[in-house]
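One structure below.
As the structure is a prediction and not an experimental result, all values here were calculated from the model.
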Amino acid sequence: MANENNFSDIISHCKEYGYLFPSSEIYDGLSAVYDYGQNGAQLKKNIRDLWWKSMTQMHEDIVGIDAAIFMHPLTWKASGHVDNFSDPMIDNKDSKKRYRVDQLIEAHADKLASEGKKEESEELLKVMDGLIAKDDFAGLKQLILDNNIKCSVSGTAHWTDIRQFNLMFDTQLGSVSGEADKIYLRPETAQGIFVDFLNVQKTGRLKIPFGIAQTGKAFRNEIVARQFIFRMREFEQMEMEFFVRPGTELEWYERWKHERLEWHKALGIPAEKLRFHNHTKLAHYANAAVDIEFEFPFGFKELEGIHSRTDYDLKQHQTYSKKKIQYFDNESGPDGKPYGNYIPYVIETSVGLDRLVLAIISLSFTEEKWKREDGSDDGRVVLKIPPKIAPYKLAVLPLVKKDGLPEIARDLVKKCHQDFYAFYEEKDSIGKRYRRMDAIGTPFCVTVDHQTKEDQTVTIRDRDTMTQRRIHLDEVVPEVLKAIR
RNA sequence: GCGGAAGUAGCUCACCUGGUAGAGCGACAGCUUCCCAAGCUGUAGGUAGCGGGUUCGAGUCCCGUCUUCCGCUCCA
């Protein structure tokens, strides 16, 4: 059902019903940046809260922190983000092949050297180093043209301008530019956890194995950011780093892999929409990695990553900060002696909150059509969002807006506010109001009618089945609470 | 980045070969209505993405630019 739907219909629906708007729309928008509207923000918060609770409250051995987005610049030197992503690149317009500028020129220098033109080769490299040091991209391009360096695929020298694809956004710390130091907006929340490792471990007197969880915004200057909120330049992560004794990491890796998959199922995602995708090519810091993929309208794509990151990050921070980042393990090993000092290994679970929102919305979005009794067409668009994360849990509707029905409905809404979000609406026909609630995904509608005045009962309508039952006014709150637990 | 398509009211779209912008739905106010939108009345809402050019006159023709979508490319 949901996967037959056109992705653009989902995007339109999100905008029309207050879930997601293009950022800065009145100024023509900002590419790959989106704002969460009143309903989207609530849905997102509900998912985030559920994750936080399941990670921290329900795991005695995991604590949560909230590290700053700004971090000392050396953090990103240590993590590898500065060096791995600052190379100037150039594209050949004919072959569409992208080259790192330094590698392209060096290859040419090697060729010159092999042809016996040693001096020319050395001169070229010297000039290149000078230009790179000055970030003189125009000069570098000219150097490529002057030397008639060609693309090995197309054989042409038809080059684009040189661009630097920085993964990280930077800004200045301090209000006086010039004196200011360049700092970065974090490209992942994980480093905040690693940098605070000792603070948390010591103040919490935490014993390995234990985890540190965190949710928060991260920023990546993607070259191409597409597919709605799937790949955005500003996005929110929910990450948990689980620190373990070296040698046990693969056991924990398996355990978290399955625990996380079960979590997504418990959230309401059907098993057939989820799958594991093992990484065959591992990043330099990992010794095992898997993605949990979800079947989006545009195919199976990564929702969450689970990585065994070894002791790479803590070791790097130990090197760059020159502070010992170790854990003293007092437990006895097989030889009867304590395990002693070591740098813990880490299993990371990292899920994209925005991707999870998109997964839930695309899963929930359903267009239904049927015939009325008189043969005419009827239908509805409904967001079948799992009740526990739906923005509004209940709508309370007086059947007509007279005869004292609105007053009874108002009283009921007031009673609900303590426990969950409830929506009051008296405008338009009852059917129209049901449709509106379907469209924003409200799981229950209670209607106050004339019978309510006689016996204190109301009808409660189920969003997904459109069936109704009569229950007592006093049962409304407990009924809804039961369904959203 | 390359190729293709599109930008007119909140949404979907119309205005054919240039003559000062229109519909349906939606929204709002009121009426009606005893359970699944598209009954009635009224109201609001657009300098036609933006900039420039041609013209007596441009939503309509031309150029540029921005944005979005689709495909390719890229994505530690």
Which whole-number value in Å describes the distance from [X] [atom1] to [N] [atom2]?
X        : N     : atom1 : atom2 : value
A:His81  : B:A76 : NE2   : P     : 11 Å
A:Arg309 : B:A76 : CZ    : P     : 14 Å
A:Glu425 : B:U33 : CD    : C1'   : 15 Å
A:Glu454 : B:C34 : CD    : C1'   : 11 Å
A:Phe298 : B:C70 : CZ    : P     : 9 Å
A:Arg233 : B:U68 : CZ    : C1'   : 14 Å
A:Arg355 : B:C75 : CZ    : C1'   : 10 Å
A:Arg220 : B:C74 : CZ    : P     : 19 Å

Pairs where [range] contributes a residue and the test salt bridge (charged side-chain N to carboxylate O under 4.0 Å, His left out) is met, not counting sequence neighbours:
range                       : value
residues 440-459 of chain A : A:Asp449-A:Arg470
residues 71-82 of chain A   : A:Lys77-A:Asp83
residues 30-40 of chain A   : none

Item checked: Interface residues of residues 401-413 of chain A with RNA chain B (non-hydrogen, below 4.0 angstrom) ->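 Per residue number, the list reads A:Lys401, A:Lys402.
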Quote, to the nearest angstrom, the [atom1] distance that separates [N] from [M].
N     : M     : atom1 : value
B:C62 : B:U17 : P     : 12 Å
B:G22 : B:A9  : P     : 14 Å
B:A44 : B:A37 : C1'   : 22 Å
B:U8  : B:C69 : P     : 15 Å
B:C25 : B:C40 : P     : 9 Å
B:A38 : B:G24 : C1'   : 10 Å
B:C66 : B:U55 : P     : 27 Å
B:G7  : B:G59 : P     : 15 Å

Which atom pairs, donor and acceptor, lie under 3.5 Å between side-chain atoms of residues 16-23 of chain A and protein residues at least two apart or in another chain?
residue	atom	partner	partner atom	Å
A:Tyr19	OH	A:Ile440	O	2.6

Notebook entry, point to check: Are A:Lys257 and A:Phe276 in a cation-pi contact, defined as NZ or CZ under 6.0 Å from the six-membered ring centre and within 45° of the axis?
Noted result: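 Yes; both conditions hold, so A:Lys257 lies above the ring face of A:Phe276.
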Margin query: Check whether A:Tyr434 forms a cation-pi arrangement with A:Arg461 (NZ or CZ under 6.0 Å from the six-membered ring centre, at most 45° off the ring normal).
Written below: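 Positive - A:Arg461 is close enough to the ring of A:Tyr434 and near enough to its axis.
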Margin query: Any non-hydrogen side-chain atom of A:Leu43 less than 4.5 Å from a side-chain atom of A:Ile361?
Written below: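 Yes, their side chains come closer than 4.5 Å.
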Check: For A:Phe420, what residues pass the ring pair (Phe, Tyr, Trp, His ring centres under 6.0 Å) criterion, not counting sequence neighbours?
Finding: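 Once residues adjacent in sequence are excluded, A:Phe420 has no partner under the ring pair (Phe, Tyr, Trp, His ring centres under 6.0 Å) criterion.
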Check: Who are the ring pair (Phe, Tyr, Trp, His ring centres under 6.0 Å) partners of A:Phe219, not counting sequence neighbours?
Finding: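 So A:Phe219 forms no ring pair (Phe, Tyr, Trp, His ring centres under 6.0 Å) with any residue.
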Note to self: Counting only side-chain heavy atoms from C-beta out, which of B:C75, B:A29, B:C11 sits nearest to A:Arg231?
What the structure shows: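 Nearest to the side chain of A:Arg231 among the choices is B:C75.
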Item checked: Involving RNA chain B, stems made of at least three consecutive Watson-Crick or G-U pairs, both distances under 3.5 Å -> B:1-7 with B:66-72, B:10-13 with B:22-25, B:27-31 with B:39-43, B:49-53 with B:61-65
Margin query: Protein within reach of the bases, or only the backbone? For nucleotides 35-51 of chain B, mark each nucleotide 5' to 3' as B, S or -, using heavy atoms under 4.0 Å.
Written below: BBBB----------S--
Margin query: For A:Asp419, give me all partners under salt bridge (Lys or Arg N to Asp or Glu O under 4.0 Å), at least two apart in sequence or on another chain.
Written below: none
Checklist line | Results of salt bridge (Lys or Arg N to Asp or Glu O under 4.0 Å) for A:Arg275 - residues two or more places apart only | finding: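 With neighbours one apart ignored, the set is A:Glu293.
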With a cut-off of 3.5 Å and sequence neighbours excluded, list every side-chain donor-acceptor pair involving residues 396-413 of chain A.
residue	atom	partner	partner atom	Å
A:Asp403	OD2	A:His450	NE2	2.8

Notebook entry, point to check: Which part of the nucleic acid, if any, lies within reach of A:Tyr34 when heavy atoms closer than 4.0 Å are counted: base, sugar-phosphate only, or nothing?
Noted result: sugar-phosphate
Check: Between A:Phe296 and A:Phe230, how do the two ring planes meet: parallel, tilted or perpendicular, split at 30° and 60°?
Finding: perpendicular
Notebook entry, point to check: In terms of the nearest nucleotide of RNA chain B, which residue is placed more toward the 5' end: A:Ser12 or A:Glu426?
Noted result: A:Ser12
